Amino acid sequence: MVRENVSKLKKLEYLNLALNNIEKIENLEGCESLQKLDLTVNFVGELSSINSLQENLHLRELYLVGNPCAEYEGYRQYVVATLPQLKWLDGKEIERSERIQALQDYPQVQGRMKEQQEAYLRKRAAEREEARSKLQGKQKESRKTQEKKPGFDRRWYTDINNTIPDPVEKPDPTEQNGDETALRKAEEEEEKEFWSQPSQYTPESRLETHRYLEEKRKSKESSSEGELKKKPPRTLITAEGRVLNVNESKLDFSLVDDEENNQFVLDLAIYRHLDTSLVDVDVQPSYIKVLVKEKPFQLVLPAEVKPDSSSAKRSQTTGHLVVTMPKAIGVIQTKRAKSPVVEEQTRKNPPKCSKTFEKLEVDPKACSVPDFANIVQEKKTQAQGPLQFHKNKVKDTEDSEDFIDNTDVPPLM
């Protein structure tokens, strides 16, 4: 049986439903563009249900290999005559002569087909009833095993006043190993018996095999989870009380000492898309612990902090966790109140470091101010005319006593 929702796929061209429990072909009339239909290894016994595929005008290929109807006498002739739009059946091309022959023999083939189909449907009804009774018997057995028997916990149920628990004995490791090996052997024998037991080729047997495999998978998962739970927890604080540094998640982090604000800032690189509900922050005076998906991150702080004043924020862009932890030093160092006598003395005699401004006296004689009265404009020598150059005047100097005028020397200009 094909689900009703498939008929809404108007543009579907290829539908593969192989290896299912389909017993009847129906609800495919709405797939207007369907060209290829694969129903290999199913349980289609009602071959007359292929009449519903006459509405699929574009259907060219059909596969019914491995179905009970493929074993009917005249199966191929019936399908070829019923679906004239088909070009291929079970991977074999339909020739024109084959189609003509199938149309000619259709009345006889149709009669034989109905008889075989009715016999198969009666057989299927008996198989369903047998499988239903077998399933009910297994359910009753499982309920009996789950029910608790009186006295299984070594005390009577009618004894209401017996509230003293039985002493718990420590299990012997050798006995535990023996029990585990016995359980494994029993499971192997049970699995071998299940696969060696003959079964009919029915949808119920296929479902039973699926349930068995699903139970095996769940038991393996539960056993693996139990082994993981047996793993000893990581030591965060030693027996002597020493706090350890732990980074089980292997996250990048940085611890900054902000001296200006008197605080420590921890930046923990948590995964960006991790939900904040999976993060737990615990700030202690000497260390900080952060659980990320139950994996601890613990860091010892260089100095004591104030847990009550600490804050934790998550970055919306990077996802990092930023924890601000104020130091506890500011709380320990308290300011002493000054007496009024001391305040009055400090007001009269301010300390040297007080913010008072003093003016320096400067000698007015030492002031270097330019004397504008002595400023004289320099005399510029001007040329007389555009082509006449001015000759520099040389001052006449008086001749000294030792001066000798040599006539051979030309005069200086």
Side-chain angles (χ1 to χ4, degrees), residues 1-128 131 200-210:
M1 179 180 177
V2 182
R3 294 293 182 184
E4 293 81 358
N5 295 333
V6 181
S7 60
K8 298 179 181 179
L9 304 174
K10 304 293 183 182
K11 297 183 179 181
L12 181 65
E13 296 181 358
Y14 174 43
L15 180 59
N16 190 341
L17 296 172
L19 294 170
N20 280 282
N21 288 355
I22 299 173
E23 299 187 49
K24 188 177 180 180
I25 303 173
E26 57 184 355
N27 301 324
L28 293 177
E29 297 85 352
C31 300
E32 301 173 355
S33 304
L34 187 62
Q35 298 179 11
K36 183 178 179 179
L37 177 61
D38 191 353
L39 294 170
T40 305
V41 192
N42 277 277
F43 297 94
V44 179
E46 295 186 40
L47 191 56
S48 59
S49 61
I50 65 170
N51 294 330
S52 61
L53 297 177
Q54 293 177 352
E55 302 292 334
N56 305 98
L57 302 177
H58 299 283
L59 185 63
R60 297 292 180 265
E61 297 183 50
L62 178 63
Y63 291 87
L64 291 171
V65 180
N67 288 272
C69 64
E71 299 177 1
Y72 295 169
E73 185 181 354
Y75 145 76
R76 185 176 178 86
Q77 296 171 349
Y78 181 82
V79 176
V80 171
T82 306
L83 303 175
Q85 73 272 30
L86 275 185
K87 301 294 182 183
W88 296 78
L89 178 60
D90 296 335
K92 185 178 179 181
E93 188 178 2
I94 302 172
E95 297 180 357
R96 185 179 179 183
S97 59
E98 184 182 3
R99 191 179 300 277
I100 294 171
Q101 187 67 36
L103 290 172
Q104 291 176 356
D105 300 337
Y106 182 73
Q108 296 84 5
V109 173
Q110 187 179 15
R112 292 197 302 268
M113 192 62 58
K114 285 184 179 179
E115 294 176 0
Q116 298 177 70
Q117 181 175 297
E118 289 175 0
Y120 174 77
L121 292 177
R122 288 193 297 268
K123 180 184 174 184
R124 276 293 301 134
E127 289 174 354
R128 286 197 194 95
Q200 297 179 349
Y201 182 64
T202 59
E204 290 77 19
S205 63
R206 185 177 286 182
L207 289 174
E208 185 181 358
T209 306
H210 175 71

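In this text the structure is predicted, and so the values were computed from the model without any measurement. The chain is numbered in sequence order, starting from 1.
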Anything under 3.5 Å between a donor and an acceptor, one on a side chain of residues 87-98, the other on a protein residue two or more places apart or in another chain? List them.
residue: D90; atom: OD1; partner: L64; partner atom: N; Å: 2.7
residue: D90; atom: OD2; partner: Y75; partner atom: OH; Å: 2.7
residue: E98; atom: OE2; partner: R76; partner atom: NE; Å: 2.7

Could you go through residues 48-58 and list every donor-acceptor pair under 3.5 Å that involves a side-chain atom there, pairing it with any protein atom two or more places apart or in another chain?
residue: S48; atom: OG; partner: Q117; partner atom: OE1; Å: 3.4
residue: S48; atom: OG; partner: Q117; partner atom: NE2; Å: 3.1
residue: S49; atom: OG; partner: I25; partner atom: N; Å: 3.3
residue: S49; atom: OG; partner: E46; partner atom: O; Å: 2.6
residue: N51; atom: ND2; partner: S48; partner atom: O; Å: 2.9
residue: S52; atom: OG; partner: I25; partner atom: O; Å: 3.3
residue: S52; atom: OG; partner: S49; partner atom: O; Å: 2.9
residue: Q54; atom: NE2; partner: T82; partner atom: O; Å: 3.1
residue: N56; atom: ND2; partner: L28; partner atom: O; Å: 2.9
residue: N56; atom: ND2; partner: C31; partner atom: O; Å: 2.9

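Minimum heavy-atom separation, A81 to A102: CB-O, 3.8 Å.
Under a 3.5 Å cut-off, the side chain of D38 and the backbone N or O of T40 do form a donor-acceptor pair. A side-chain donor-acceptor contact under 3.5 Å links N42 to the backbone of L17. With hydrogens and angles disregarded, a donor-acceptor distance shorter than 3.5 Å links the side chain of N67 to the backbone of L39.
The ring-ring contact (aromatic ring centres under 6.0 Å, His included) analysis of residues 34-56, with sequence neighbours excluded, yields the pairs F43-Y201.
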Exercise for the section: Evaluate the criterion side-chain contact (heavy atoms from CB on, under 4.5 Å) for residue pair L15 and L34; output intermediate values, then yes/no. Expected result: CA-CA 8 Å; L15 180 59; L34 187 62; 4.0 Å; yes
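We find the OG-NE2 distance between S205 and H210 to be 13.5 Å, quoted to the nearest 0.5 Å.
With sequence neighbours left out, the side chain to side chain donor-acceptor pair (under 3.5 Å) criterion links R99 to no other residue. Residues that satisfy the side chain to side chain contact (heavy atoms under 4.5 Å, CB included) test with K36, not counting sequence neighbours, are Y14, E61, Y63. S33 pairs by the side chain to side chain contact (heavy atoms under 4.5 Å, CB included) definition with E13, not counting sequence neighbours. Checked against side chain to side chain donor-acceptor pair (under 3.5 Å), T209 has no partners two or more places apart in sequence or in another chain. For Q77, there are no side chain to side chain donor-acceptor pair (under 3.5 Å) partners two or more places apart in sequence or in a different chain. In this view, E118 and R122 satisfy the side chain to side chain contact (heavy atoms under 4.5 Å, CB included) rule, not counting sequence neighbours. Considering only residues two or more places apart in sequence or on other chains, Y120 meets the ring pair (Phe, Tyr, Trp, His ring centres under 6.0 Å) condition with none of them. Applying the side chain to side chain contact (heavy atoms under 4.5 Å, CB included) rule to Q116 yields the partners Y72, E73, R112; only residues at least two apart in sequence or on another chain are considered. By the ring pair (Phe, Tyr, Trp, His ring centres under 6.0 Å) test, Y106 pairs with Y78, sequence neighbours left out.
With contacts defined as side-chain heavy-atom distances shorter than 4.5 Å, the pair R124/T202 qualifies.
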